[in-house]
2 protein chains.
Amino acid sequence: MKVSIFDVAKKAGLSVVTVSRVLNNASTVREKNRQKVLQAMKELDYHPNAAARSLAKGKTGVIGMIVTTLQDSYLDNIVQTVSVLLRDHGYYLALSVANHPLEEGAGSYLIQEDRVDGLLILAAVDEEPYVMELKKRKIPFVLIDNQKNHPAVSSVTVDNFKGGYEAAKHLIDLGHRSIAHIQGPPYFLSATERERGFMQALKEEGLEPFSLEPGEFTIQSGYEVVQKWLAQGDLPTGLFAADDFTAIGAVNALRQAGLRIPDDISVIGYDDQALASELRPRLTTIRQPAVQMGKMAVDVLMKQINGVNKRSTTLKLNPEIIVRESTAPPQ
Amino acid sequence: MKVSIFDVAKKAGLSVVTVSRVLNNASTVREKNRQKVLQAMKELDYHPNAAARSLAKGKTGVIGMIVTTLQDSYLDNIVQTVSVLLRDHGYYLALSVANHPLEEGAGSYLIQEDRVDGLLILAAVDEEPYVMELKKRKIPFVLIDNQKNHPAVSSVTVDNFKGGYEAAKHLIDLGHRSIAHIQGPPYFLSATERERGFMQALKEEGLEPFSLEPGEFTIQSGYEVVQKWLAQGDLPTGLFAADDFTAIGAVNALRQAGLRIPDDISVIGYDDQALASELRPRLTTIRQPAVQMGKMAVDVLMKQINGVNKRSTTLKLNPEIIVRESTAPPQ
DNA sequence: TTGAAAGCGCTAACAC
DNA sequence: GTGTTAGCGCTTTCAA
């Protein structure tokens, strides 16, 4: 019924060991025999059993990736990149969604039961528990876009301070003096760093922000801040939103009120979500180097798994400003 | 180094079988011994090896789910629902992204190497290859939101004809007579069904559509259609877009041209994406019952795995119209 | 270059 | 209730 390596061996007139060798691309198999084995496999429609291989080899051939949300084109880009790259390295990617961090079972099954050879933690709200557990279990892992700095842990992040700085600098260079910032949630290091960069750029020009408004990385929060300003009858000429969703919400409210962008007010977002370039006006934003992040993360993880790198590696990549239609000199 | 069931048995002063029993919640273990085992496990920080269990049991305890895109809140809702429900059934969910259907390795590793006990195929562009392979390998699976009808295959779909019909009916009931439709890609059954429903509703009123425009389920395509209309200087009073992205693109173009929604033109979308209710005007749309779909899919799959249902089950759920701000009677 | 034998860590009979 | 004995399907020594 179930065809095993034994059936193949019998059909090919060779031993299971030889079959196993061709399965693992061992070079010590006579070409003629290799063909015989391959032929037998095909005829029997044989497929090796992953559990048995994992048990015998002590490794699974899969890399796990824990993600919180999937509705984010920037994160999606990272996932897609990682998926392809891992395949090139002979690994499969198994995604696990964990909306509530450390939730019972969420992703932790990958860790606890040795179902993966390595793990990638993507933009976790709180990566702490994973870090603790993974270190204890000695499973290689890399944090991507993590919140905190963990000693002796490999990670790939983006310089959010620089991103915030460049966003503000862009507005300043265009001539804006009245510049506001809608923040991200304060428990995100990325959010506070962007704000720090923003403030630094203003400070260098001796500028004070028009205002700093709390936001939540959501369309709704951007919309509401603008509504508030509108009600007060006072607007900045430039706005740096902590992420594209916030920016889009702000733009939405602004245009609904009959204001023109960038004529009446310039808006710059962050992340370069797909939406940013799909909706008009196309949003000026700070792009996260998603592809490069995925590449680096896989690189570091592979080296760690292969024992090339014993020490942890911390990479901080640079964001890139993408100037589109939502920013211009103030009128 | 690695602590195994043997170590636990030794420490607890019992046999491995007993340990195995508490691992599997067998009721035939004296409470006192169960505690001893539990205690030993804790002290040794023991965690069972998934590969060994899978090999011995002949099942893995994981359900695979193949997804194409992750940037879709409707699909995301299904995934989240499924994830939680499976956990309740004692299974883990492993997601596999397959942008290019049947791409080498994409998801197929789950199938080929018996890494899962069952599979959920979510909104595949072309599920055919999966169906063939899964049937051959006799792995239980359920298609969700599939394109074609496959004989003897379980699936959970939504009645797109009805959705299209209701969308059109809504506009008609509001008093619209000049109604256009922006289609989805013709190779999606969902798209053509929505159009059929739309046409049926119009036909019942003796109405001809203002026009039928090709679209691609993208913001861009909705935007461009409206641009074309604008250039021609002729607009319908009501528009049914094949999905929310298309609708949002259309709304975007309309408002950019200074038109008001729903005053000048009513727009209804499809899917009830998160965006639909986040952007203003909040979009009237046809909601897919994502939670119910996830629930049904898990239900059917579990029954199939447990041998309760030998025959295939085909469920077609009803969509629901969500009336918001983007539709109103024509002026 | 090939094969026999001994596990990998766990569970499924079957006895006790 | 509990333990003994065989495997699950594959890879890994070690010989030949």
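Small disclaimer: the values here were computed from a predicted structure and weren't measured.
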Checklist entry - Sequence neighbours excluded, which residues qualify as side chain to side chain donor-acceptor pair (under 3.5 Å) partners of B:Lys10? => result none

Checklist outcome for this item: Readout for nucleotides 5-16 of chain D: B = base within 4.0 Å of protein heavy atom, S = sugar-phosphate only, - = neither; 5' to 3' it is --BBBBBB----

Item to check | salt bridge (Lys or Arg N to Asp or Glu O under 4.0 Å) pairs, two or more places apart, involving residues 33-44 of chain A | outcome: A:Lys11-A:Glu43, A:Glu31-A:Arg34

Next on the checklist: Taking any heavy-atom pair under 4.0 Å as a contact, classify B:Thr18: base, sugar-phosphate, or nothing.
Outcome noted: sugar-phosphate

Checklist entry - Are OP1 or OP2 of D:dG3 and a side-chain N or O of B:Ser15 less than 4.0 angstrom apart? => result yes

Checklist entry - Taking CG from B:Asp7 and C1' from C:dC8, how many angstroms apart are they, rounded to a whole number? => result 14 Å

Next on the checklist: Please give me every residue in residues 34-43 of chain A whose heavy atoms get under 4.0 Å of an atom in DNA chain C, ordered by residue number.
Outcome noted: none

Next on the checklist: Testing the basics here: between A:Ile139 and A:Gly118, what is the closest heavy-atom pair and its distance to 0.1 Å?
Outcome noted: CG2-CA, 4.1 Å

Item to check | Any residue meeting side chain to side chain donor-acceptor pair (under 3.5 Å) with A:Asp114, in chain and number order, not counting sequence neighbours | outcome: B:Lys2

Checklist entry - Can you name the residues that form a salt bridge (Lys or Arg N to Asp or Glu O under 4.0 Å) with B:Arg53, not counting sequence neighbours? => result none

Please list every donor-acceptor pair under 3.5 Å in which a side-chain atom of residues 296-304 of chain B meets a protein atom from a residue at least two apart or in another chain.
residue: B:Gln304; atom: OE1; partner: B:Ser154; partner atom: OG; Å: 3.1
residue: B:Gln304; atom: NE2; partner: B:Phe141; partner atom: O; Å: 3.4

Next on the checklist: I need the full list of salt bridge (Lys or Arg N to Asp or Glu O under 4.0 Å) pairs touching residues 64-85 of chain B, with sequence neighbours left out, sorted by first then second residue.
Outcome noted: none

Item to check | Non-neighbouring partners of B:Phe217 that pass ring pair (Phe, Tyr, Trp, His ring centres under 6.0 Å), sequence neighbours left out | outcome: B:Phe188

